[in-house]
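The next block holds one structure in the form of structure tokens; read it before the comments.
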Amino acid sequence: MATPPPRRSRRKPATAPSAHRDRWRFALAFGIFLSAGAATVLLVQPKLKQRAAQFKLSDITGVDYGRAFQLPDQNGVVRSLRDFKGEVAVVFFGFTQCPEACRTTMAEIAQAKKLLGARGAKLRAIFITVDPERDTSEVLQAFLANFDPSFVALRPGPNQLEKVVGEFKTHVRKIPGATPGSCTIDHTAASFVFDPQGRLRLYARHGAGAAALAADAQRLLGGA
Amino acid sequence: MDTPTRPTGAQATRRRWLAAVGLAGAAGLGALAYFQSARPPRPQAASGLPLVMHDQPTVLPQLSVLDGAGQPVSLASFKGKFVLLNIWATWCPPCREEMPSLDRLQAQLGGNDFQVIALSMDAGEKAIGLVKSFYASIGIQHLAIYQDADAAAIYKLKAVGVPTTLLLDRQGREVGRMSGTAEWDDPKIVAALQALIRAEPA
């Protein structure tokens with residue numbers, strides 16, 4: 001077998017290794033590494049933007065959080081995602097007896113429902129209270145009456161809260177208030193959007209806007 | 001395997017050039033990271049006011065709300081006076097608590113230079129009725145009814161929680177805001193607002 005030709009014929013055979021040469025080799029490798037990195041960033045970025053352009057909210061299709069919950073609603077009826085087949089369900093955590101400021105998520109979903117017109121009948125808010133002690137059935141019924149009769153409030157029983165919070169990989173932390181009975185509960189302020197087949201699809205940061213939710217719900221209801 | 005080599009003049013030039021490209025790339029990435037992580041400076045609280053005051057006034061987007069008679073009113077129509085815009089809802093317990101103090105503040109300072117606008121985020125057909133009966137139940141006398149029936153303030157004014165209170169200057173620009181409640185007719189707040197009004201006459 002013939003000896004392979006030298007890769008770089010211009011090169012002269014070396015006499016001895018030198019620190020100088022190693023430095024330049026390192027610089028060369030570093031330069032190539034950075035150029036490759038920059039090229040990757042430039043090539044990947046437009047693709048990410050393209051993907052984000054399909055949904056206004058964050059697309060988390062494939063994440064399988066919270067599909068198995070079974071919790072009593074504001075009327076004591078046990079509900080699960082199966083009950084909302086054919087609808088876009090927006091699941092979020094909260095509590096009604098907010099001490100300092102109350103999150104406006106429910107109002108935002110109600111507005112998205114209004115924006116959807118007739119199709120709004122298929123957009124459902126599912127509120128899971130992280131404060132089942134103070135958010136009794138009566139309190140939850142009164143709270144829901146401010147928004148939409150089709151919206152649902154789930155009230156986890158003892159031992160159920162920790163489980164459902166875990167299923168959504170979210171967190172809940174009780175912070176004692178100034179007076180006994182007043183406390184605030186730190187929890188994830190985002191919403192999880194399930195498609196009509198009951199698959200988790202989108203993650204909505206709090207304050208993303210009713211228009212964004214309505215547009216994405218429209219897409220999901222259209223089979224996206 | 002390449003035999004170890006010593007760079008010729010041409011190779012050295014090429015390598016220098018590649019190294020320069022690499023360093024330029026590194027500088028570029030560094031600059032990108034810096035600008036991505038740069039945050040605006042933290043605003044500072046003005047003495048006497050519970051609001052977080054901004055370094056620069058912020059121009060607000062157009063917002064149309066409804067008055068107590070259901071007629072559209074533009075937020076811009078209040079230009080010319082300082083406005084304390086309180087975004088609230090009847091379903092929000094802390095909002096209900098601070099409403100009497102907002103009523104007293106309007107009684108004290110309301111006029112050509114200043115107005116408290118209590119903007120309710122209650123929606124639906126019953127909303128105006130809910131606000132009216134709540135006003136009546138706690139004896140509100142000086143506040144007018146305004147309704148954000150489209151919950152537009154959440155997105156347009158970034159009111160992700162209620163109450164959110166914005167202070168607008170005479171040009172209708174946001175100069176400060178806070179989330180949460182305050183005792184709005186506290187003498188310190190009244191004095192601070194009076195000082196603001198005096199400092200910027202119409």
Side-chain angles (χ1 to χ4, degrees), chain A residues 4 6-8 10-18 20-39 41 96-112 114-115 142-149 189 205-212, chain B residues 1-8 10-12 14-29 32 87-98 121-124 126-127 130 148-165 178-182:
Chain A
R7 256 205 269 161
R8 292 184 186 176
R10 279 189 295 154
R11 277 187 186 176
K12 285 187 212 159
T15 45
S18 76
H20 181 75
R21 190 199 59 218
D22 286 346
R23 217 166 42 231
W24 279 110
R25 278 219 167 148
F26 177 75
L28 180 67
F30 191 61
I32 289 169
F33 169 76
L34 281 173
S35 311
V41 167
T96 70
Q97 301 306 297
C98 38
E100 282 295 318
C102 309
R103 290 205 168 116
T104 47
T105 313
M106 199 60 121
E108 202 170 17
I109 302 170
Q111 174 62 13
K114 210 168 103 184
L115 290 174
F143 178 67
L144 289 176
N146 291 296
F147 302 99
D148 192 283
R205 277 186 345 271
H206 186 34
Chain B
M1 187 63 195
D2 252 347
T3 354
T5 55
R6 192 180 272 285
T8 63
Q11 278 172 330
R14 196 175 68 232
R15 285 175 188 186
R16 270 200 198 104
W17 190 81
L18 279 167
V21 168
L23 286 173
L29 287 176
L32 190 76
I87 302 157
W88 72 288
T90 58
W91 47 262
C92 157
C95 302
R96 297 166 70 101
E97 256 172 57
E98 70 171 354
M121 204 177 267
D122 288 81
K126 292 179 291 180
L130 281 171
D148 176 21
D150 299 330
I154 301 175
Y155 191 63
K156 288 195 172 178
L157 304 182
K158 300 191 172 22
V160 294
V162 278
T164 289
T165 305
M178 75 173 287
S179 168
T181 56

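Here is how names work: the chains are called A, B, and so on, in the same order as the sequence lines, proteins then strands, and each is numbered from 1. These figures come from a predicted structure and were not determined experimentally.
- Interface remark: Thr164(B) contributes no atoms to any contact with chain A (heavy atom separation under 4.5 Å).
- The ring pair (Phe, Tyr, Trp, His ring centres under 6.0 Å) search around Tyr155(B) returns none, not counting sequence neighbours.
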Yes or no on side-chain contact (heavy atoms from CB on, under 4.5 Å) for Met106(A) and Asn146(A), after CA distance, side-chain angles and deciding distance? CA-CA 9 Å; Met106(A) 199 60 121; Asn146(A) 291 296; over 6 Å; no

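- In this structure, chain B has a heavy atom under 4.5 Å from the side chain of Gln111(A), while its backbone stays farther away.
- Counting heavy-atom pairs closer than 4.5 Å to chain B, the top-ranked of the candidates Ala29(A), Ala27(A), Cys102(A) is Cys102(A).
- Neither the backbone nor the side chain of Ile87(B) has a heavy atom closer than 4.5 Å to any heavy atom of chain A.
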As a quick check of understanding, evaluate side-chain contact (heavy atoms from CB on, under 4.5 Å) for Val162(B) and Trp91(B), giving each step before the final call. CA-CA 10 Å; Val162(B) 278; Trp91(B) 47 262; 3.8 Å; yes

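- Only the backbone of Thr96(A) comes within contact range of chain B, judged by heavy atoms closer than 4.5 Å.
- The backbone N or O of Thr90(B) lies less than 3.5 Å from a partner atom in the side chain of Asp122(B), making a donor-acceptor pair.
- Neither the backbone nor the side chain of Ala110(A) comes within less than 4.5 Å of any heavy atom of chain B.
- Using a 4.5 Å cut-off on side-chain heavy atoms (C-beta onward), Val160(B) and Arg103(A) make no contact.
- For Ala211(A), no part lies under 4.5 angstrom from a heavy atom of chain B.
- Looking at Lys126(B), only its side chain comes within 4.5 Å of chain A, counting heavy atoms on both sides.
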Assess the residue pair Glu98(B) and Trp88(B) against the criterion (side-chain contact (heavy atoms from CB on, under 4.5 Å)); give the C-alpha distance rounded to whole Å, side-chain angles, the decisive distance to 0.1 Å, and a yes or no. CA-CA 10 Å; Glu98(B) 70 171 354; Trp88(B) 72 288; 5.8 Å; no

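- Contact of Ala153(B) with chain A is not made at all, since no heavy-atom distance falls under 4.5 Å.
- Thr165(B) pairs by the side-chain hydrogen bond (donor to acceptor under 3.5 Å, both in side chains) definition with Asn86(B), not counting sequence neighbours.
- Only the backbone of Ala145(A) comes within less than 4.5 Å of a heavy atom in chain B; its side chain stays farther off.
- Under the 4.5 Å side-chain criterion, counting only non-hydrogen atoms from C-beta, Pro93(B) is in contact with Cys98(A).
- No part of Phe33(A) comes within reach of chain B, as not one of its non-hydrogen atoms sits under 4.5 angstrom from that chain.
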